[in-house]
Amino acid sequence: MAIKSLSIRIDEEMLNKLHVVADYEGRSANSQILILIRDAIEKYEDKHGKIEL
């Protein structure tokens, strides 16, 4: 599996809060974002079925 990069625009306050949550969970901000994305995809698939690519 290839690893891709994604650039996002985020306001400073939200980024700072993300770092607080990530630090609390013992993760980097990047790892925390990946977990949030994974959870969102799982929730979507639970409601709508598996995403087939």
Side-chain angles (χ1 to χ4, degrees):
M1 173 195 311
I3 302 296
K4 302 286 186 171
S5 291
L6 173 68
S7 178
I8 63 168
R9 291 181 183 95
I10 183 171
D11 68 54
E12 188 174 2
E13 182 180 0
M14 188 177 295
L15 180 59
N16 291 337
K17 288 180 179 184
L18 171 66
H19 279 282
V20 169
V21 173
D23 288 345
Y24 178 80
E25 296 291 336
R27 299 184 181 105
S28 67
N30 187 75
S31 293
Q32 187 68 30
I33 290 168
L34 291 174
I35 288 171
L36 293 168
I37 292 169
R38 182 202 63 201
D39 291 349
I41 291 169
E42 286 177 3
K43 183 178 176 181
Y44 177 93
E45 288 184 327
D46 286 345
K47 184 174 182 180
H48 300 283
K50 183 165 176 57
I51 298 170
E52 299 294 337
L53 303 176

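FYI, side chains are in, hydrogens and waters are out, and symmetry mates aren't considered; it's all heavy atoms of this structure.
With contacts defined as side-chain heavy-atom distances shorter than 4.5 Å, the pair I41/E45 qualifies. Using a 4.5 Å cut-off on side-chain heavy atoms (C-beta onward), L6 and I8 make contact.
By the rule that hydrophobic residues join a cluster once side-chain heavy atoms approach within less than 4.5 Å of another member, L34 and I10 end up as members of separate clusters. Residue I3 is not grouped with residue I37 when hydrophobic side chains (ILVMFWY) are merged at heavy-atom distances under 4.5 angstrom, including chains of intermediate members. Linking Ile, Leu, Val, Met, Phe, Trp and Tyr residues whenever their side-chain heavy atoms come within less than 4.5 Å leaves V21 and M14 in two separate clusters. Y24 and L15 sit in two unconnected hydrophobic clusters of ILVMFWY residues. Membership requires side-chain heavy atoms under 4.5 Å apart, directly or through other members.
Counting heavy atoms of neighbouring residues, nucleotides and ligands inside a 6.0 Å radius, atom CD of E13 does not exceed 12 of them.
Of all heavy-atom pairs between A22 and S28, the closest is CB-O, 3.6 Å.
Interatomic distance, I33 CD1 to R38 CZ, rounded to the nearest 0.5 Å: 14.0 Å. In this structure, NE2 on H19 lies 14.5 Å from CZ on R27, to the nearest 0.5 angstrom.
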